[in-house]
There are 2 protein chains.
Amino acid sequence: MISDSQRKHILHRFRLKVTSARLFVLDILIRSDVALSHNDILSQARDPQLDKVTLYRTLDAFVKSGLAHKVATEDRNWLYALHHNDQKESFEDDHAHFVCDECERIYCVPVVPAGKLQISNSDQSFTVRSHEYRLHGTCPQCQ
Amino acid sequence: MISDSQRKHILHRFRLKVTSARLFVLDILIRSDVALSHNDILSQARDPQLDKVTLYRTLDAFVKSGLAHKVATEDRNWLYALHHNDQKESFEDDHAHFVCDECERIYCVPVVPAGKLQISNSDQSFTVRSHEYRLHGTCPQCQ
DNA sequence: ACATACTTGCAACTTTGTTGCATTAATACT
DNA sequence: AGTATTAATGCAACAAAGTTGCAAGTATGT
Ligand SMILES: [Mn+2]
Ligand SMILES: [Mn+2]
Ligand SMILES: [Zn+2]
Ligand SMILES: [Zn+2]
């Protein structure tokens, strides 16, 4: 369990004002091993009554500041996860998303860089600036 | 320009009944070099007055039958494109999606297979069944 | 403690996609 | 060709998801 002042420190590092909504959302994201949807988070907030719009804006602020990133699911939802560069295991900046076909949870997973991609149809000049891998299969819990 | 009977033949191959809505949508998809959204297609159909629900169901039918596939965009829309195995250039079954950061169009592009991905955190047993690359950058038209 | 700028919560709204159902049309079979 | 069967269509009503504007509240630096 991460302390209150640790979370405040994280928000400061990302130039985010410390509010109870942000501390609450940050806590949930830190404790989750999978990426979470707006609805996942909202439903965990029964008592402190987190407003849905505030949550949308909080998540936007987290992404915009670089504290979190978002992944689109198969059914067109956004899932949010922290950049783990500091918290927990240290993931690559450019990591992969593992989508479990069974439970549909999405994990941020480290990958070993296995050679650059190359577009073979090279009479066309595509400039590749970044790329995303998306892996599908079965996660440990569902094996 | 692809003929009417050619399009009918394609629909037959995918066990889809031939209707004017399907012929119309197929024609649009064949002629496009980028993946198209529901709205892209609907707005091209001013005269034959294509119903929005019919279009949703037509696109679903195309995907379900294997004639087309869909790609999620950055802003959580679906874009639809044919599998090019027969039409136009022959793409790999497992191709990549090139997202232009300028115009946001998405192209289906062939890639040279550059070694299998490997998840390095292997005390956990993830079974990778398939993967998706997503490339970001600038397309030929925007260079 | 004060000023300032940012965040919050609410309601109204927009956008997008879904469902049920009556009608119409496509295909297969005489 | 005519008929039966089954699927597709169009419409309206609905539902879900996300956005916007604004007034009130709160965090932060001085
Ligand atoms: Mn991630
Ligand atoms: Mn494609
Ligand atoms: Zn799983
Ligand atoms: Zn472009």
Side-chain angles (χ1 to χ4, degrees), chain A residues 4-5 7-28 35-68 70-80 104, chain B residues 4-5 7-28 35-68 70-80 104:
Chain A
D4 206 68
S5 71
R7 284 179 289 144
K8 282 183 184 165
H9 182 68
I10 292 171
L11 292 176
H12 282 138
R13 284 209 311 111
F14 287 89
R15 308 283 126 101
L16 291 165
K17 293 198 172 164
V18 176
T19 70
S20 60
R22 288 171 178 184
L23 285 170
F24 177 76
V25 175
L26 179 56
D27 187 46
I28 291 185
L36 298 175
S37 70
H38 175 275
N39 206 35
D40 290 338
I41 297 169
L42 196 65
S43 60
Q44 286 193 47
R46 37 199 62 169
D47 217 25
Q49 225 47 329
L50 180 60
D51 184 75
K52 67 165 186 166
V53 181
T54 300
L55 181 52
Y56 279 123
R57 297 198 268 226
T58 298
L59 293 169
D60 282 351
F62 280 15
V63 170
K64 200 164 161 216
S65 71
L67 171 54
K70 53 186 178 177
V71 201
T73 67
E74 224 51 32
D75 56 342
R76 309 176 58 226
N77 265 43
W78 287 121
L79 301 189
Y80 296 85
E104 291 182 330
Chain B
D4 205 67
S5 70
R7 285 179 288 144
K8 283 183 183 165
H9 181 68
I10 292 171
L11 292 176
H12 281 138
R13 286 210 310 109
F14 287 89
R15 309 282 126 102
L16 292 165
K17 294 198 170 164
V18 175
T19 71
S20 61
R22 288 169 179 184
L23 286 170
F24 177 76
V25 175
L26 180 56
D27 186 47
I28 290 186
L36 298 175
S37 70
H38 176 275
N39 206 34
D40 290 338
I41 296 168
L42 196 66
S43 60
Q44 286 195 47
R46 38 199 62 168
D47 216 26
Q49 227 44 328
L50 180 60
D51 184 75
K52 66 166 185 163
V53 180
T54 300
L55 180 53
Y56 279 123
R57 296 198 268 225
T58 298
L59 292 170
D60 281 351
F62 279 16
V63 170
K64 201 164 160 215
S65 71
L67 172 55
K70 52 185 177 177
V71 201
T73 66
E74 224 53 32
D75 57 342
R76 308 175 61 225
N77 265 44
W78 286 122
L79 301 188
Y80 296 84
E104 291 181 333

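Throughout, a chain's letter reflects where its sequence line sits, starting with A, and its residues are numbered from 1. Computed from heavy atoms alone, side chains included, the values below leave out hydrogens, waters and symmetry copies.
- Taking the screw axis at each terminus of the helix from C:dA1-D:dT30 to C:dT30-D:dA1 from five consecutive base pairs, the angle between the two is 40° to within rounding of 10 degrees.
- Residue B:Tyr56 contributes atom OH, which lies 15 Å from atom C1' of D:dC11 at whole-angstrom precision.
- Looking at which nucleotide of DNA chain C each of B:Thr19 and B:Asp60 is closest to, the 5′-most match is held by B:Asp60.
- Taking only side-chain nitrogens and oxygens, B:Thr54 comes nearer than 4.0 Å to OP1 or OP2 of D:dG10.
- Distance NE2 (A:His12) to C1' (D:dA27): 9 Å, rounded to an integer number of Å.
- Remark: P of C:dC10 and CG of A:Leu42 are 12 Å apart, rounded to the nearest angstrom.
- A donor-acceptor pair under 3.5 Å is absent between the side-chain atoms of B:Arg76 and the main chain of A:Ala72, judged by distance alone.
- Counting any heavy atom pair closer than 4.0 Å across all strands shown, A:Ala21 reaches sugar-phosphate atoms only and no base atom.
- Minimum interatomic distance between A:Val25 and A:Phe62 (heavy atoms only, all atoms of both residues): CG1-CE2, 3.8 Å.
- The nearest pair of heavy atoms linking B:His38 to B:Lys52 is NE2-O, 3.1 Å.
- In this structure, A:Leu55 atom CG and D:dT20 atom C1' are separated by 17 Å, rounded to whole Å.
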Exercise for review: May I have the step-by-step check of side chain to side chain contact (heavy atoms under 4.5 Å, CB included) for B:Asn77 and B:Asn39, ending in yes or no?
Suggested key: CA-CA 10 Å; B:Asn77 265 44; B:Asn39 206 34; 5.7 Å; no
Point to revise | salt bridge (Lys or Arg N to Asp or Glu O under 4.0 Å) between A:Arg7 and A:Asp4, worked out | key: CA-CA 5 Å; A:Arg7 284 179 289 144; A:Asp4 206 68; 3.0 Å; yes
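- For a distance-only test at 3.5 Å, the side chain of B:Lys52 fails to qualify as a donor-acceptor partner of the base of D:dG10.
- Atom CG of A:Asp40 is separated from atom OH of A:Tyr80 by 11.5 Å, given to the nearest 0.5 angstrom.
- Rounded to whole Å, the distance from CZ on A:Arg22 to P on C:dC6 is 11 Å.
- Counting to the nearest Å, the P atom of C:dG17 and the CG atom of A:Asn77 are 12 Å from each other.
- Remark: C1' of D:dT26 and NZ of A:Lys8 are 14 Å apart, rounded to the nearest angstrom.
- For the pair B:Lys17 and B:Val53, both in contact range of DNA chain D, the more 5′-proximal nearest nucleotide belongs to B:Lys17.
- Within the 4.0 Å cut-off from OP1 or OP2 of C:dT15, not a single side-chain nitrogen or oxygen of B:Arg76 is found.
- Note on A:Thr58: every side-chain N or O is 4.0 Å or more away from OP1 and OP2 of C:dT7.
- Residue A:Val18 is in sugar-phosphate contact alone, with no base atom involved, counting any heavy-atom pair closer than 4.0 Å across all strands shown.
- C:dA25 atom P lies 15 Å from atom CG of B:Leu23, rounded to whole Å.
- Of the possible donor and acceptor atoms, none in the side chain of A:His9 sits under 3.5 Å from a partner among the backbone N and O of A:Ser5.
- The base of C:dG9 sits within donor-acceptor range of the side chain of A:Arg57, with an N or O pair under 3.5 Å.
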